Amino acid sequence: MASKTSKTKKTTKTQVNGTDDEPDLIRTEFEYRSFQSEHVDHRELELKDDQLLDMYRNMMLQRRFEERAAQMYGKQKIAGFLHLYIGQEAVSTGAANALNVGHDSVITAYRDHGIALALGMTSNECMAELFGKIDGCSRGKGGSMHFFSADKRLFGGHGIVGGHIPVGIGIAFAHKYKEDGGVCLCFFGDGAINQGSFHEAANLASLYRLPVVFVVENNQYAMGTAVHRASAETDLFKQASGYSMPGALADGMDVFDCYRAFTEHIALARENQPSLLEVRTYRYRGHSMSDPGKYRTKEELEERKDNDPIIRLKAYLLDKELTTNEALDDIDDDVKKEVLESVEFAENSEFPPLESIYEDVYVQEDYPYLGQSKN
Amino acid sequence: MASKTSKTKKTTKTQVNGTDDEPDLIRTEFEYRSFQSEHVDHRELELKDDQLLDMYRNMMLQRRFEERAAQMYGKQKIAGFLHLYIGQEAVSTGAANALNVGHDSVITAYRDHGIALALGMTSNECMAELFGKIDGCSRGKGGSMHFFSADKRLFGGHGIVGGHIPVGIGIAFAHKYKEDGGVCLCFFGDGAINQGSFHEAANLASLYRLPVVFVVENNQYAMGTAVHRASAETDLFKQASGYSMPGALADGMDVFDCYRAFTEHIALARENQPSLLEVRTYRYRGHSMSDPGKYRTKEELEERKDNDPIIRLKAYLLDKELTTNEALDDIDDDVKKEVLESVEFAENSEFPPLESIYEDVYVQEDYPYLGQSKN
Amino acid sequence: MAELQFREAIRDAMVEEMDRDETIFLMGEEVAEYDGAYKVSEGMLDRFGPKRVIDTPISENGFAGLGIGAALNGLRPIIEFMTFNFSFVAIDQIINNAAKIRYMSGGQFKIPIVFRGPNGAAGQLAATHNTSTESIYATLPGLKVIAPSNPDDAKGLLKTAIRDDDPVLFLESEVMYGMKGEVSEEKDYTLPIGKARIAREGDAVTIIGHSKSYWLALKTADMLKEEGYDAEVIDPRTIRPLDINTIVESVKKTNRCVIIDESNPFASISSEITYQIQERAFDHLDAPILRITAKDTPAPYAKNLIDYYMPSAEDAHKACRKVMYLD
Amino acid sequence: MAELQFREAIRDAMVEEMDRDETIFLMGEEVAEYDGAYKVSEGMLDRFGPKRVIDTPISENGFAGLGIGAALNGLRPIIEFMTFNFSFVAIDQIINNAAKIRYMSGGQFKIPIVFRGPNGAAGQLAATHNTSTESIYATLPGLKVIAPSNPDDAKGLLKTAIRDDDPVLFLESEVMYGMKGEVSEEKDYTLPIGKARIAREGDAVTIIGHSKSYWLALKTADMLKEEGYDAEVIDPRTIRPLDINTIVESVKKTNRCVIIDESNPFASISSEITYQIQERAFDHLDAPILRITAKDTPAPYAKNLIDYYMPSAEDAHKACRKVMYLD
Ligand SMILES: Cc1ncc(C[n+]2csc(CCOP(=O)(O)OP(=O)(O)O)c2C)c(N)n1
Ligand SMILES: Cc1ncc(C[n+]2csc(CCOP(=O)(O)OP(=O)(O)O)c2C)c(N)n1
Ligand SMILES: [Mg+2]
Ligand SMILES: [Mg+2]
């Protein structure tokens with residue numbers, strides 16, 4: 001069903017010698033389905049009841065973590081660029097639950113806090129990184145845009161739009177080469193799809209049949225640029241046809257649909273069938289902390305918030321009587337506590353020692369840096 | 001009819017809220033027609049009889065010019081890379097005849113002798129450039145890969161595969177900006193389409209509705225790499241769907257079909273509708289002078305030669321009694337003479353003076369080059 | 001003179017030139033409806049409309065090449081890179097097309113284009129967003145590279161760059177956009193490309209710094225002043241072509257030189273200036289030329305590390321005292 | 001010792017290392033079925049099969065990034081650029097990913113990758129196919145840059161580069177591929193990265209040249225020899241890290257230095273070597289350091305122009321005589 005749901009029916013190759021004056025027709029077909037909580041039972045998706053509560057907690061953790069990070073940015077505990085994922089949590093949580101974390105690989109752009117927490121990286125190491133401290137997930141060298149975890153196989157956190165997409169297929173290439181059964185989820189934004197790097201990577205992945213899922217998180221905007229102002233074809237998943245790979249669409253505001261779609265596409269990847277999954281989602285906050293957000297109306301924003309993925313999951317849980325308001329409140333308190341502790345942890349963590357500026361550049365220990373002696 | 005023949009029927013945009021479990025279907029349709037000399041009357045294409053003879057002469061000129069150039073390369077009168085266009089002449093001649101030469105613009109890759117001669121650049125200036133002489137079309141600075149003519153509006157002749165495609169849409173951008181009614185033909189190879197630059201340029205052209213025709217000259221190989229080893233989707237014109245622009249196919253071994261297709265796509269461009277035209281053709285010679293050509297069989301090559309565009313036009317001319325064998329022989333002799341004279345012209349032309357190494361870098365006359373004084 | 005922010009000076013230069021010449025247009029990411037990621041082009045869409053102030057997708061290679069093609073075909077594009085860190089995906093267009101097409105065409109075509117945007121370090125942005133690109137671009141014949149340090153130079157030089165018939169890279173700085181300075185109100189105010197500015201005269205040591213580093217050079221000179229030494233401070237303003245004569249004349253007077261540059265040191269501007277000085281003024285040098293640059297590493301995120309990473313007036317001051325044999 | 005062509009030495013290095021280590025693979029345009037555009041990888045597809053010797057589409061940015069990702073995930077890729085002129089479309093991968101990911105990850109990941117292929121001038125190929133990239137790449141911390149001048153160094157250094165856990169750019173040359181030379185047959189022959197080679201000892205002047213320029217340096221030394229002067233010839237072999245100590249020791253002995261480099265001069269290797277020498281051996285210099293480089297222009301096609309464009313032993317000889325105050 002995975003394949004059925006999103007395979008592109010290939011057409012026979014074109015020949016240039018039709019003697020008929022009547023034009024031949026070439027068809028390319030896509031299918032997509034939206035499979036949402038309003039009309040689904042999680043058991044159909046083989047999701048256990050308590051897994052749903054974990055998902056709820058994880059989405060809540062991502063949100064509270066970033067709300068607190070925003071506050072700390074205001075207090076200048078955090079500097080540089082801070083891009084919040086708030087609103088998109090269903091995507092990261094849905095993906096992580098469909099993945100074999102620690103075995104499969106993930107790479108994404110600079111809006112990376114959500115997926116990091118979804119993969120099980122700790123609030124402590126993430127907040128410490130934002131603070132630029134030694135206990136951060138990148139030892140204070142990467143900051144918000146450059147989260148890494150060898151443990152959870154998060155290969156970054158990348159700041160150059162589109163630049164990490166070829167790296168993603170390389171990670172997948174190595175999984176296939178080593179025959180370790182792993183796949184790579186390669187996330188990028190609706191703005192990134194217009195970079196040539198996507199085109200080259202998509203063709204290479206399809207040509208070499210690499211175990212990768214290209215996930216375009218279409219949150220409708222690249223900074224202030226709406227999709228229709230950046231992409232001539234606004235159905236981004238249709239790009240798949242240029243590389244004869246499956247293209248599909250999922251509802252990024254619905255954790256069930258995300259889980260369903262990721263499960264299907266990861267299954268394709270395990271058969272070395274790369275694919276393009278467009279997830280339609282929405283970011284509530286500005287592009288980064290400095291964004292006035294004039295490019296959209298309050299009404300649009302509010303309307304999207306009515307479709308909030310956390311609220312929808314909560315409604316589902318209560319509706320299906322899988323939990324109680326009290327139990328959910330306990331989760332919320334527990335999350336708040338974890339986040340507050342992470343702030344304290346980050347505060348108390350040390351700044352990296354100055355000598356460490358010359359560490360982690362090269363594996364070679366005794367590399368002769370220019371001017372190093374003089375410092 | 002032009003538009004009908006190659007427009008992509010756009011589908012309504014996808015919405016993610018289908019409540020049905022049944023997958024919706026999204027269709028993208030292409031049409032192509034092959035419209036060949038075996039079953040066409042040139043008058044249908046509004047081609048005059050004597051225009052056909054000019055076309056014949058021009059294709060013959062391209063071929064003889066390059067055969068001679070190859071010989072001169074052997075004699076080391078020409079050095080560096082020399083990429084021959086032999087076999088693809090129907091494309092350049094068909095294009096040039098559909099174009100308003102001197103008003104419209106053309107840009108191509110390094111396999112540029114054919115289009116240069118088709119646009120009416122002289123054998124003399126072209127051969128002199130190959131010889132690296134001052135009377136060459138690029139004053140001896142560009143060589144085989146970098147033919148330019150401000151006069152004929154040939155914007156090169158470019159050596160970096162795919163690098164000139166964005167430049168091509170910029171030329172088209174200026175035509176539209178100046179509202180001069182001109183269009184740009186942007187030629188590139190089947191290998192070049194895998195460069196990210198194509199993807200970015202195609203999207204930009206469609207987004208800005210630029211008067212450009214992307215012409216992929218699919219001669220089946222990029223050096224030794226057959227199309228199916230380089231492109232996951234071997235119907236290259238289908239790339240158009242990712243940019244919601246028309247994509248179509250033409251027979252590059254048939255000057256009528258090329259003329260027809262270029263006429264149609266140039267008409268689209270004049271309405272600021274960019275499009276992708278795939279022309280299926282074949283190069284008879286190696287990629288460059290040093291290519292052993294082990295990647296294809298003699299049989300394949302011979303079979304393609306049976307479909308030779310010059311022979312097919314000749315057959316048509318005789319069959320329709322538009323000329324006589326004698327008249328065609330005269331043309332052949334005349335062409336031979338022109339080419340021989342161009343060799344003599346190139347021989348007699350001077351090498352560029354050494355000081356000219358510091359000319360044409362900047363418009364600024366007194367630019368202070370490092371070390372110049374010392375020479 | 002009027003007091004303007006750096007960003008305002010740049011905007012005024014573009015606006016005045018676009019008022020003057022219909023063929024000039026501005027293109028880049030968020031330059032139009034968003035008013036520019038750093039508000040440099042604020043209001044320009046309203047003034048000139050969508051035909052001449054154009055937002056792009058995130059396709060630097062594509063729109064850099066578009067600009068080059070438009071320049072070849074009679075227009076005068078201003079292409080904004082949101083920052084020059086992002087110009088690397090477009091560098092083939094700049095190296096192989098902007099810098100070489102005129103030459104390869106034997107001078108048949110010209111490419112009057114300006115690539116502009118912030119360059120170099122801007123605080124805690126980490127390695128991908130902290131690259132100084134001038135030494136990479138200035139190595140390439142066919143290009144001109146300008147890096148102003150103040151609003152007045154920015155306006156005068158940008159207007160000249162826009163009018164120049166050759167491709168120009170115009171390097172600005174996020175952290176300087178808000179800086180205020182006196183700007184000439186002379187109508188049609190232009191400054192020549194390739195002329196350095198002697199910001200302060202002195203005979204004790206020549207201190208050279210462009211863009212942000214110019215301000216470190218001044219600060220260093222102040223520190224020396226307090227110690228009773230008059231340093232000569234030179235702002236090259238243009239990197240390619242480099243006004244070596246002004247620099248050499250100064251060194252002939254001071255007999256010593258310290259160069260401050262935010263670039264990574266290896267094969268950078270400081271290396272080149274040193275080569276040219278010792279080639280032309282060898283006998284006048286009383287001490288080795290020293291440079292103070294960013295560290296020979298990528299840029300870190302942590303506050304303390306990035307502060308340590310950047311060149312400092314303190315280090316430059318030490319270097320000056322050293323070449324002056326004061327300690 | 002066995003006499004091998006430069007291309008054979010490189011091939012042997014790759015073959016020996018691939019025999020030794022399953023995780024090494026070779027990827028690039030025409031490297032497999034075509035046996036390599038310059039026949040460097042001839043026979044390797046037959047030996048290792050399509051899993052480890054892989055042809056690519058013309059997508060340098062794509063496959064350079066693929067290599068980086070594969071290196072991050074446990075493999076040791078050798079990525080061939082058909083020439084380094086074509087690496088510019090992939091330079092963002094090299095600058096922002098290969099050189100910086102390890103740093104930004106706080107050392108969690110390593111990137112054992114080799115980017116190799118011909119670099120620099122190769123006759124009448126005109127501007128787009130004649131760029132020396134070493135000064136651009138060597139400016140970037142996080143990379144290592146090697147440019148051997150002979151088959152023996154090529155083999156020993158490439159084997160070391162493949163085993164090195166850091167990203168290495170290995171710069172070869174079309175025109176040297178056919179050059180023959182003695183190559184050690186010692187099994188497991190490796191040479192250290194970052195060690196220069198004193199090719200000829202002398203006390204009259206230090207002549208420095210890497211890659212093709214090394215041979216010009218030798219020729220220049222021969223010309224001086226005939227005049228009765230012993231020049232010391234140094235081949236840096238590695239550009240980053242640069243073995244400045246060997247160079248400085250030599251200059252302390254000869255008190256003068258001439259650098260030959262095919263790169264465009266501005267902010268190039270010659271600039272950097274000059275800075276470092278004068279910084280460390282200022283008091284030992286009896287004359288300015290001079291450089292002989294390609295002209296400060298793009299590369300022309302015409303035979304006479306490209307010959308004039310390139311550095312020559314004659315010019316280097318003149319420069320040596322000048323710093324030796326012979327005329
Ligand atoms: C190559 C490059 N160009 C421009 C930028 C500046 N920039 C950072 S984020 C961004 C928008 C990206 O939008 P999208 O891909 O949709 O991701 P989102 O921010 O929506 O998650 C831009 C233009 C960059 N970092 N890299
Ligand atoms: C960016 C880049 N990569 C590689 C090359 C080397 N190269 C020159 S031509 C060529 C093949 C191009 O094939 P195609 O685009 O099909 O054009 P054709 O030669 O068939 O006309 C290659 C790989 C180059 N010139 N530029
Ligand atoms: Mg977005
Ligand atoms: Mg081809």
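First the proteins, then the strands, lettered A, B, ... as listed; each starts at 1. Every value quoted in this text rests on a predicted model; they were computed, and no experiment measured them.
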Heavy atoms only, distances under 4.5 angstrom: which of B/D151, B/I160, B/I107, B/I134 has the most pairs with chain C? Name it, please.
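Between B/D151, B/I160, B/I107, B/I134, the count favours B/I160.
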May I ask you to name which of B/S356, B/S105, B/P166 has the most heavy-atom pairs under 4.5 Å with chain C?
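Among the listed options, the one with the most contacts to chain C is B/P166.
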Quick one: what part of [X] sits under 4.5 Å from any heavy atom of chain B, side chain, backbone, both or neither?
| X | value |
| --- | --- |
| C/D165 | both |
| C/D55 | backbone |
| C/D92 | side chain |
| C/Q276 | side chain |

Show your reasoning for whether side-chain contact (heavy atoms from CB on, under 4.5 Å) applies to B/F173 and C/M27.
CA-CA 12 Å; B/F173 178 92; C/M27 173 176 273; 4.0 Å; yes
Please state whether the side chain, the backbone, both or neither of [X] comes within less than 4.5 Å of a heavy atom of chain C.
| X | answer |
| --- | --- |
| B/I165 | neither |
| B/H158 | side chain |
| B/N203 | side chain |
| B/E129 | neither |
| B/I357 | both |

Which one, C/K100, C/E22, C/K110, C/K51, leads in non-hydrogen pairs under 4.5 Å with chain B?
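If we count pairs closer than 4.5 Å to chain B, C/K51 comes out on top.
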Sort out for me which of C/A64, C/P167, C/G107, C/P241 touches chain B most, counting heavy-atom pairs under 4.5 Å.
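That would be C/P241.
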Would you confirm whether [X], through its side chain, and [Y], through its main-chain N or O, come within 3.5 Å as a donor-acceptor pair?
| X | Y | value |
| --- | --- | --- |
| C/D166 | B/V363 | yes |
| C/Q108 | B/C137 | yes |
| B/D360 | C/Y103 | no |
| C/N97 | B/G163 | yes |

How many angstroms lie between atom [atom1] of [X] and atom [atom2] of [Y], to the nearest 0.5 angstrom?
| X | Y | atom1 | atom2 | answer |
| --- | --- | --- | --- | --- |
| C/L143 | B/Y362 | CG | OH | 6.0 Å |
| B/K141 | C/S105 | NZ | OG | 9.0 Å |
| C/E60 | B/E200 | CD | CD | 7.5 Å |
| B/L210 | C/L66 | CG | CG | 6.5 Å |
| B/H164 | C/I68 | NE2 | CD1 | 13.5 Å |
| C/T23 | B/Y177 | OG1 | OH | 6.5 Å |

Are [X] and [Y] side-chain neighbours, meaning at least one heavy-atom pair lies under 4.5 Å?
| X | Y | result |
| --- | --- | --- |
| C/K144 | B/Q364 | yes |
| C/L75 | B/K178 | yes |
| C/I101 | B/F155 | no |
| C/I54 | B/Y208 | yes |
| C/R240 | B/Y367 | yes |

Audit row: B/V361, C/R102, side-chain contact (heavy atoms from CB on, under 4.5 Å) steps and yes/no
CA-CA 6 Å; B/V361 184; C/R102 176 174 175 77; over 6 Å; no
Heavy-atom closest pair, residues C/P57 and B/L207
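Between these two residues, the closest heavy atoms are CG-CD2, 3.5 Å.
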